[in-house]
Amino acid sequence: MLAYVALGGNLGDRAAYLLQALSRLSRLPETRLLRLSPVYETDPVGPPQPPYLNLVAELETRLPPRALLEALLGIEQALGRVRREPWGPRTVDLDLLLYGDRVLKEEGLEVPHPRLHQRAFVLVPLCDLVPQGRHPVLGRTFAELLAALDPSGVRPLVL
């Protein structure tokens with residue numbers, strides 16, 4: 001199954017945390033890391049905090065959605081993620097955006113991600129990978145969803 005995971009972080013060495021998260025993602029059982037979007041620096045959403053680095057990873061996995069989500073949460077915890085306030089600063093954040101075209105709404109697991117279509121910092125890198133992919137609930141392409149948002153807070157990272 002193809003799955004898409006958003007990665008982000010804005011505390012400490014942001015790039016190092018993302019690299020560590022990607023390394024751990026690549027070692028998940030029954031999972032292959034296929035492609036990565038470019039990395040973007042993005043304006044934070046929520047309380048005042050430093051800018052984020054964000055990207056999206058395309059995975060091929062045989063893990064069921066709940067097991068994949070639990071693995072993502074384990075990576076966050078291993079890399080020092082502390083949940084103090086909604087949308088607060090973090091070392092790393094991994095969100096399961098899509099799991100094939102599955103639509104799931106269970107306790108603690110919602111796929112597609114419930115705010116995917118509202119976030120330019122997710123849609124810009126997702127469109128780098130699958131611009132003509134369709135949101136399984138809204139039926140619109142990711143490029144169409146992005147066109148409805150202001151992407152000015154999402155800047156390509158230039159090193």
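- Between Thr91 and Gly80 the shortest heavy-atom distance is OG1-C, 3.4 Å.
- Remark: Leu138 pairs with His117, His135, Leu145 by the side chain to side chain contact (heavy atoms under 4.5 Å, CB included) rule, at least two apart or across chains.
- Counting non-hydrogen atoms of neighbouring residues, nucleotides and ligands closer than 6.0 angstrom, the CD atom of Gln77 reaches no more than 12 such neighbours.
- Formation of a donor-acceptor pair under 3.5 Å by the Ser37 side chain with backbone atoms of Asp128 is not found in this model.
- Between Leu116 and Leu98 the shortest side-chain heavy-atom distance falls below 4.5 Å.
- Smallest separation of non-hydrogen atoms from Val56 and Ala6: CG2-CA, 4.3 Å.
- Checking side-chain atoms of Thr31 against main-chain N and O of Pro29 turns up a donor-acceptor pair under 3.5 Å.
- Scanning for side chain to side chain contact (heavy atoms under 4.5 Å, CB included) contacts around Thr141 gives Gln132, Arg134, Ala143, Glu144, with sequence neighbours left out.
- For Tyr99, there are no side chain to side chain donor-acceptor pair (under 3.5 Å) partners two or more places apart in sequence or in a different chain.
- Qualifying side chain to side chain donor-acceptor pair (under 3.5 Å) partners for Glu60, counting only residues two or more places apart in sequence or in other chains: Arg32.
- When the side chains of ILVMFWY residues are joined at heavy-atom separations under 4.5 Å, either directly or via intervening members, Leu59 and Leu109 end up in a single hydrophobic cluster.
- From Leu97, atom CG reaches atom CZ of Phe142 across 8.5 Å, with rounding to the nearest 0.5 Å.
- The minimum heavy-atom distance linking Pro38 with Pro125 is given by the pair O-CB, 4.4 Å.
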Residues 63-74, side-chain donor-acceptor partners within the protein, below 3.5 Å, at least two apart:
from: Arg66; atom 1: NH1; to: Glu107; atom 2: O; distance (Å): 3.1
from: Arg66; atom 1: NH2; to: Glu106; atom 2: OE1; distance (Å): 3.1
from: Arg66; atom 1: NH2; to: Glu107; atom 2: O; distance (Å): 2.8

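- For the atom pair Leu55 CG and Leu129 CG, the distance stands at 9.0 Å (nearest 0.5 Å).
- Applying the salt bridge (charged side-chain N to carboxylate O under 4.0 Å, His left out) test to Arg14 and every residue at least two apart in sequence or in another chain returns Glu41.
- Atom CG of residue Leu22 and atom CD1 of residue Ile75 lie 9.0 Å apart, to the nearest 0.5 angstrom.
- In this structure, His113 and Arg119 have side chains that are in contact, with non-hydrogen atoms separated by less than 4.5 Å.
- Residues forming a side chain to side chain donor-acceptor pair (under 3.5 Å) with Arg27 (at least two apart in sequence, or on another chain): Ser23.
- Nearest heavy-atom pair, Ala120 versus Leu149, reported as atom, atom and distance to 0.1 Å: N-CD1, 3.6 Å.
- The side chain to side chain donor-acceptor pair (under 3.5 Å) search around Asp95 returns none, not counting sequence neighbours.
- To the nearest 0.5 angstrom, Leu34 atom CG is 8.0 Å from Tyr4 atom OH.
- Looking at heavy atoms from C-beta onward, Pro136 lies in side-chain contact with Pro112 at the 4.5 angstrom threshold.
- When all heavy atoms are compared, the tightest approach of Leu79 to Tyr17 is O-CE2, 3.4 Å.
- Partners of Ala16 under the side chain to side chain contact (heavy atoms under 4.5 Å, CB included) rule, at least two apart in sequence or in another chain, are Asp13, Gln20.
- Checked against side chain to side chain contact (heavy atoms under 4.5 Å, CB included), Arg62 has the following partners two or more places apart in sequence or in another chain: Glu30.
- Counting all heavy atoms, side chain and backbone alike, Pro44 lies closest to Pro51 at CD-CA, 4.2 Å.
- In this structure a side-chain-to-backbone donor-acceptor pair under 3.5 Å is present from Asn10 to Pro50.
- For residues 145-157, every residue pair satisfying the side-chain hydrogen bond (donor to acceptor under 3.5 Å, both in side chains) rule, not counting sequence neighbours, is listed here: Asp43-Arg155, Asp150-Ser152.
- Follow the hydrophobic side-chain contacts under 4.5 Å out from Leu157 and you reach Val92 in the same cluster.
- Looking at residues two or more places apart in sequence or on another chain, you find a salt bridge (charged side-chain N to carboxylate O under 4.0 Å, His left out) between Arg35 and Glu58.
- Atoms CG and CG, on Asp93 and Leu18 in that order, are 10.0 Å from each other to the nearest 0.5 Å.
- No side-chain heavy atom of Leu146 sits less than 4.5 Å from a side-chain heavy atom of Leu126.
- Hydrophobic clustering keeps Val45 apart from Tyr52 (ILVMFWY residues linked when any side-chain heavy atoms are closer than 4.5 Å, directly or through intermediates).
- Taken from CG in Leu94 to CG in Leu7, the straight-line distance is 4.0 Å, to the nearest 0.5 Å.
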